[in-house]
Protein chains: 2
Amino acid sequence: MTLEASVSRSVCQDDRGEVLPALDEQVIESSTANRLAEVFKALSDPNRLRLISLLLDNEVCVHTLEVVLGMSQSAISHQLRHLRQLNLVRFRKQGRHVYYALDDEHVRDLFRQGLLHVEHG
Amino acid sequence: MTLEASVSRSVCQDDRGEVLPALDEQVIESSTANRLAEVFKALSDPNRLRLISLLLDNEVCVHTLEVVLGMSQSAISHQLRHLRQLNLVRFRKQGRHVYYALDDEHVRDLFRQGLLHVEHG
DNA sequence: CTATCATATGTGCACTTATTCATATATTAT
DNA sequence: ATAATATATGAATAAGTGCACATATGATAG
């Protein structure tokens, strides 16, 4: 059930000069919007979310991700590169394996909160 | 600062038969991943984030969004249609104006949490 | 009625993204 | 050495996204 009454103001350009300055204060800055969008974009693909769900508490090697997720090795590796470039995962080489783990608490928190909301309905 | 020590297991396919079933339990389901991705995708564009930041606590008409955000009327309207289709905004027609407001607490929460993280560093 | 204002929508285009395919690199085994 | 395994990467492709432009709808003012 959606809460009403969360809107404090009703704003239209007819009221220009009064409320527009207030709105200008409320828009987030473009640089902030860009960084925020980058984070959310990392979480905006189903396969990447499934991958992240595996890395939340585990350190997992690439081939295992491939098997569990049912994706091609190349697809996994490309996604990991993407996450690496955003500094969202860390990795550790051991022998011929590479273990990946999630390395960003923001993303971990957002993932979990989003999951809670989506799961319960 | 990123916390270490959040990884409880190290998983590789060499251990197949032991840990793979456990990992299978941990992957989120595809249907969940899809719905989750849809929510995050709504938050994955800078202009849409700036728009949402205005609708967080206010009901704002389209032309005002256009002015404050410095975007074309068409772009605004298309973004609003997108958000409408995801049931993220509600709207109210009054005369020739249409007032939009955010209508999804999940998104509101995720936006605020993401903003907190991104703003402080 | 006509004109104007506010918003919506269809179309096309530039750009991005996720994937596959082929290939490269690096490690271990024989 | 060669072969096999594990991972990475570049190129090509297909699908998706955001926006501009033109146009349509609907409401009000004259």
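Every chain is numbered from 1, with letters handed out A, B, ... down the list of sequences.
- Atom C1' of nucleotide C/dA8 and atom CG of B/Leu65 are separated by 14 Å, given to the nearest angstrom.
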Checklist outcome for this item: Letter by letter from the 5' end, nucleotides 25-30 of chain D scores (B base, S sugar-phosphate only, - none; protein heavy atoms under 4.0 Å) --SSS-
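- Considering only side-chain N and O atoms, A/Arg84 lies under 4.0 angstrom from the phosphate OP1 or OP2 of D/dT9.
- For the pair A/Asn47/A/Leu69, no side-chain contact is recorded, criterion being any heavy-atom separation below 4.5 Å from C-beta on.
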Next on the checklist: Test salt bridge (charged side-chain N to carboxylate O under 4.0 Å, His left out) on A/Arg108 and A/Glu105; report intermediate values, then the result.
Outcome noted: CA-CA 5 Å; A/Arg108 205 187 304 259; A/Glu105 294 302 321; 3.3 Å; yes
Using the 3.5 Å cut-off, write out each protein N or O paired with an N or O of nucleotides 17-19 of chain D and the distance between them.
{"from": "D/dG18", "atom 1": "OP1", "to": "B/Arg48", "atom 2": "NH1", "distance (Å)": "2.9"}
{"from": "D/dG18", "atom 1": "OP1", "to": "B/Arg48", "atom 2": "NH2", "distance (Å)": "3.0"}
{"from": "D/dG18", "atom 1": "OP2", "to": "B/Arg48", "atom 2": "NH1", "distance (Å)": "3.3"}
{"from": "D/dC19", "atom 1": "OP1", "to": "B/Asn47", "atom 2": "ND2", "distance (Å)": "2.5"}
{"from": "D/dC19", "atom 1": "OP2", "to": "B/Gln79", "atom 2": "NE2", "distance (Å)": "2.8"}

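- At the phosphate of D/dT7, neither OP1 nor OP2 sits under 4.0 Å from any side-chain N or O atom of A/Tyr99.
- Taking atom NE2 on A/His63 and atom C1' on D/dA4, their separation rounds to 13 Å, with Å as the unit.
- A/Ser53 pairs by the side-chain hydrogen bond (donor to acceptor under 3.5 Å, both in side chains) definition with nothing, not counting sequence neighbours.
- The end-to-end axis angle of the helix from C/dC1-D/dG30 to C/dT30-D/dA1, rounded to 10 degrees and based on five pairs per end, is 10°.
- At whole-Å resolution of the value, CD in B/Glu66 and C1' in C/dA8 are 13 Å apart.
- Computed from coordinates, the A/Ile52 CD1 to C/dA18 P distance equals 11 Å when rounded to whole Å.
- Applying the salt bridge (charged side-chain N to carboxylate O under 4.0 Å, His left out) test to A/Glu59 and every residue at least two apart in sequence or in another chain returns A/Arg92.
- For C/dA6, the OP1/OP2 oxygens have no side-chain nitrogen or oxygen of B/Tyr100 closer than 4.0 Å.
- You'll find a donor-acceptor pair under 3.5 Å spanning the side chain of B/Ser74 and the base of C/dT9, going by distance alone.
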Donor-acceptor contacts, no H, no angles, side chain residues 29-36 of chain A, under 3.5 Å, sequence neighbours left out:
{"from": "A/Asn34", "atom 1": "ND2", "to": "A/Ser30", "atom 2": "O", "distance (Å)": "3.2"}
{"from": "A/Arg35", "atom 1": "NH1", "to": "B/Val118", "atom 2": "O", "distance (Å)": "3.2"}

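- For the ring pair (Phe, Tyr, Trp, His ring centres under 6.0 Å) test, residues two or more places apart in sequence or in another chain that qualify with A/Tyr100 are A/Phe91.
- The base of C/dA8 sits with one of its N or O atoms less than 3.5 Å from a complementary donor or acceptor on the side chain of B/Gln73.
- To the nearest angstrom, P of D/dA6 lies 19 Å from CZ of A/Phe91.
- Counting to the nearest Å, the C1' atom of D/dT5 and the CD1 atom of A/Ile76 are 17 Å from each other.
- For B/Arg112, the salt bridge (charged side-chain N to carboxylate O under 4.0 Å, His left out) criterion is met by B/Asp57, not counting sequence neighbours.
- B/His82 is linked by a side chain to side chain contact (heavy atoms under 4.5 Å, CB included) to B/Arg48, B/Gln79, B/Leu86, counting only residues two or more places apart in sequence or in another chain.
- For the pair A/His97 NE2 and C/dT27 P, the computed distance is 13 Å after rounding to whole Å.
- Residues satisfying the salt bridge (charged side-chain N to carboxylate O under 4.0 Å, His left out) test with B/Arg9, not counting sequence neighbours, are none.
- No side-chain donor-acceptor contact under 3.5 Å links A/Ser77 to the backbone of A/Ser74.
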Checklist entry - Does the pair B/Glu66 and B/His63 meet the rule for a side chain to side chain donor-acceptor pair (under 3.5 Å), with working shown? => result CA-CA 5 Å; B/Glu66 186 185 336; B/His63 184 65; 3.2 Å; yes
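- When the ring pair (Phe, Tyr, Trp, His ring centres under 6.0 Å) test is applied to B/His117, the partners found at least two apart in sequence or on another chain are A/His106.
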